[in-house]
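Below is one structure; the comments refer to it alone.
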Amino acid sequence: MQRILTDKTKNRLYLRFSEIADDEMADEIIEVVNAVKGLKPGFTCLTDLRKMTAPTEKEKRMARLIIEYLSMMGVSKVVRVGARSIFELLDQNSREVGDYSAIHAESTEEAESLLDQLTHRR
């Protein structure tokens, strides 16, 4: 499975992160930017962090850039799957960005279901 996917029917972005080598970071950000271009404002995002451990300072900065970009591009709902410690770090970044918040799920199936429910409520 690729790390960055979109489902245009659901207007959803899928991100799967693990440790990222320094020389891959710029490519990751560019891939996210290109993926979001194919979605409409109000898109949802499922972020899978299950393979991520304690992020490096560079990974933290990259995550913040991605969070800022998704917020700027109009992400409406975000559900994250993974370790609570990673959530806490990203939640801190999200609060600093402003209007970006995420829900936590225990599995990708639960995350998908939550996003589907939240999308149908609009």
Side-chain angles (χ1 to χ4, degrees):
M1 179 175 145
Q2 292 179 305
R3 294 162 69 107
I4 301 166
L5 299 169
T6 59
D7 181 332
K8 290 183 182 179
T9 304
K10 289 186 174 188
N11 199 32
R12 185 163 299 155
L13 176 67
Y14 295 88
L15 303 174
R16 184 175 53 107
F17 290 112
S18 56
E19 285 72 30
I20 300 168
D22 288 353
D23 61 343
E24 295 177 319
M25 287 189 187
D27 291 339
E28 288 286 320
I29 292 171
I30 290 168
E31 284 184 51
V32 171
V33 167
N34 288 333
V36 171
K37 286 181 184 177
L39 300 172
K40 297 177 283 206
F43 65 94
T44 58
C45 180
L46 190 158
T47 305
D48 185 345
L49 303 164
R50 290 176 296 174
K51 294 194 186 264
M52 185 158 219
T53 57
T56 65
E57 287 304 313
K58 286 184 179 181
E59 288 171 333
K60 289 177 190 177
R61 286 194 301 274
M62 185 187 91
R64 183 178 175 105
L65 286 171
I66 290 172
I67 289 168
E68 288 174 348
Y69 180 73
L70 295 179
S71 181
M72 182 178 71
M73 295 307 291
V75 68
S76 64
K77 305 289 181 208
V78 177
V79 177
R80 295 181 182 133
V81 179
R84 284 276 174 203
S85 59
I86 304 298
F87 292 160
E88 290 166 7
L89 168 87
L90 293 177
D91 283 347
Q92 179 182 354
N93 277 344
S94 298
R95 283 189 300 274
E96 291 169 4
V97 167
D99 61 348
Y100 183 109
S101 62
I103 299 169
H104 305 130
E106 297 296 321
S107 67
T108 55
E109 295 79 11
E110 179 187 4
E112 193 76 47
S113 176
L114 285 168
L115 285 171
D116 289 344
Q117 291 170 26
L118 292 168
T119 303
H120 293 298
R121 283 190 208 160
R122 285 194 242 162

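For the single chain, residues carry numbers from 1 onward in sequence order.
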To the nearest 0.5 angstrom, please state how far the [atom1] atom of [X] sits from the [atom2] atom of [Y].
X: Ile29; Y: Leu65; atom1: CD1; atom2: CG; value: 5.0 Å
X: Ile66; Y: Glu31; atom1: CD1; atom2: CD; value: 10.0 Å
X: Arg80; Y: Thr47; atom1: CZ; atom2: OG1; value: 6.0 Å
X: Phe17; Y: Ile4; atom1: CZ; atom2: CD1; value: 5.5 Å
X: Leu39; Y: Lys8; atom1: CG; atom2: NZ; value: 7.5 Å

> Between Met73 and Ile30, is there a shared hydrophobic cluster once you connect ILVMFWY residues whose side-chain heavy atoms come closer than 4.5 Å?
Replying inline: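 No, because Met73 and Ile30 fall into different hydrophobic clusters, even though each may have its own neighbours under 4.5 Å.
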> Who pairs with Glu109 by salt bridge (Lys or Arg N to Asp or Glu O under 4.0 Å), at least two apart in sequence or on another chain?
Replying inline: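 If we apply the salt bridge (Lys or Arg N to Asp or Glu O under 4.0 Å) test to Glu109, skipping adjacent residues, there are no hits.
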Any heavy-atom pair between the side chains of [Y] and [X] that's under 4.5 Å?
X: Leu70; Y: Val32; answer: yes
X: Arg12; Y: Leu115; answer: yes
X: Ile103; Y: Leu118; answer: yes
X: Tyr14; Y: Asp48; answer: no
X: Thr108; Y: Arg50; answer: yes
X: Leu46; Y: Glu112; answer: yes

>> Restricting to side chain to side chain contact (heavy atoms under 4.5 Å, CB included), what partner residues turn up for Lys37, sequence neighbours left out?
In response: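 With sequence neighbours excluded, Lys37 shows a side chain to side chain contact (heavy atoms under 4.5 Å, CB included) to Val33, Asn34, given in chain and number order.
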Where [X] and [Y] come nearest, the two heavy atoms and their spacing:
X: Ala111; Y: Val81; value: CB-CG2, 3.6 Å
X: Thr9; Y: Asp7; value: N-OD1, 3.0 Å
X: Thr44; Y: Ser76; value: CG2-OG, 3.7 Å
X: Leu15; Y: Cys45; value: CD1-SG, 3.9 Å

>> Determine whether a donor-acceptor pair (N or O, by modelled atom type, separation under 3.5 Å) exists between the side chain of Thr6 and the backbone of Leu13.
In response: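 Side chain of Thr6 to backbone of Leu13: no pair is present.
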>> I'd like to check the side chain to side chain donor-acceptor pair (under 3.5 Å) partners of Ser113; sequence neighbours left out, ordered by chain and number.
In response: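 For Ser113 the side chain to side chain donor-acceptor pair (under 3.5 Å) partners, ignoring immediate neighbours, are Gln117.
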>> My understanding is that only residues two or more places apart in sequence, or in another chain, count here; which of them pass side chain to side chain donor-acceptor pair (under 3.5 Å) with Glu106?
In response: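 Partners of Glu106 under the side chain to side chain donor-acceptor pair (under 3.5 Å) test: none.
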> Are Arg16 and Leu5 close enough, and set up right, to give a side-chain contact (heavy atoms from CB on, under 4.5 Å), and what steps lead you there?
Replying inline: CA-CA 9 Å; Arg16 184 175 53 107; Leu5 299 169; over 6 Å; no
